[in-house]
Amino acid sequence: MRKATLFLLYAGLLVNGQELRWENGYDQELNFACPAGGSISYIKSQHANRQEDRMWEFGCKHTFDAGTECFWTPYVNDFDQKLNYECPSNYVVSGMNSYHSNRQEDRRWKFYCCRSNGYCNTACQWTTYVNWFDEAFHWTVPNHNYLVGAESYHENRSEDRRWMYKFCSQVQC
């Protein structure tokens, strides 16, 4: 009996630990930025039909050794509209912010873009869509590459978005 109790307690801690990694709750604001000198290394998301929303998790990787210049964009999409955003030339995505509307069952998005003098983006490419509607996904930026943009579209029937991402390698310039 004692072993069963300890097992259940341990399992509960594991589940709770995983839940703490989400950067937002359903229907809640998302506000995430990597530490200074970092950029987003992976994006994980899961959708819930009940709330018709997604929770998000991000990882970061060290990107710049020198000082960085960063800025937050204004909102880059309207509810139920296509999102297509790329940071300016030689910037990378270091954070994301969004809020959810229950009326539209969609999110508006901002991006945090950063750069460091002497680094230029090169050999950029887009992924295919990384998810289907209503499905979880986990996408990792390929090694030696950096996230620079995102595109998504919203479907009212599923009340969800499909996502694709743009990434580049960086060279000293």
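In plain terms, the two heavy atoms of L147 and Y165 that are nearest each other are CD1-CB, 3.7 Å. Considering every non-hydrogen atom in both R54 and D134, the closest pair reads NH2-N, 4.1 Å. Residues E105 and E159 come closest through the heavy atom pair CB-OE1, 3.4 Å. Between N90 and Y119, the shortest heavy-atom distance links the atoms CB-O, 3.6 Å. Across P142 and K61, no two heavy atoms sit closer than the pair O-NZ, 4.0 Å. Smallest separation of non-hydrogen atoms from Y112 and A33: CD2-CB, 4.1 Å.
Centroid-to-centroid, the aromatic rings of F79 and Y99 come within less than 6.0 Å. Residues Y42 and F137 place their aromatic rings such that the two centres sit no closer than 6.0 Å. You'll find the ring centres of W139 and W56 outside the 6.0 Å limit. For W72 and W109, the gap between ring centers reaches or exceeds 6.0 Å.
Salt bridge present: K82 and E151 bring a charged side-chain N and a carboxylate O closer than 4.0 Å.
Remark: side-chain polar atoms of T68 are not paired, donor with acceptor, to backbone N or O of R115 under 3.5 angstrom. Looking at D53, its side chain never comes within 3.5 Å of a backbone N or O of N102 through a donor-acceptor pair.
Between the CG atom of N24 and the CE atom of M96 there is a distance of 12.0 Å, given to the nearest 0.5 Å. Annotation: the span from R108 atom CZ to D80 atom CG amounts to 11.5 Å, rounded to 0.5 Å. Atom OG of residue S39 and atom CZ of residue F58 lie 13.0 Å apart, to the nearest 0.5 angstrom.
The neighbour count for W132 CH2, taken as heavy atoms of other residues, nucleotides or ligands under 6.0 Å away, does not exceed 12.
Between S98 and the options D106, N31, L30, a side-chain contact (heavy atoms from CB on, under 4.5 Å) holds for only L30. Only one option out of R50, E52, M55, H47 pairs with Y26 in a side-chain contact (heavy atoms from CB on, under 4.5 Å); it is M55. No option in Y146, Y85, W126 other than W126 meets the side-chain contact (heavy atoms from CB on, under 4.5 Å) test with K166.
Side chains of Q51 and D27: no donor on one and acceptor on the other come within 3.5 Å. There is a side-chain donor-acceptor pair under 3.5 Å between Y91 and E69.
Taken as a pair, C70 and C113 fail the criterion of an SG-SG distance shorter than 2.5 angstrom.
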Might you work through the disulfide bond (SG atoms under 2.5 Å apart) test for C124 and C168, ending with a clear yes or no? CA-CA 4 Å; C124 300; C168 304; 1.9 Å; yes
Take Q170 and N121 through the side chain to side chain donor-acceptor pair (under 3.5 Å) test and state the conclusion after the steps. CA-CA 4 Å; Q170 282 197 327; N121 293 340; 2.9 Å; yes
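At a threshold of 4.5 Å between side-chain heavy atoms, the hydrophobic network of Ile, Leu, Val, Met, Phe, Trp and Tyr places V171 and V148 in two separate groups.
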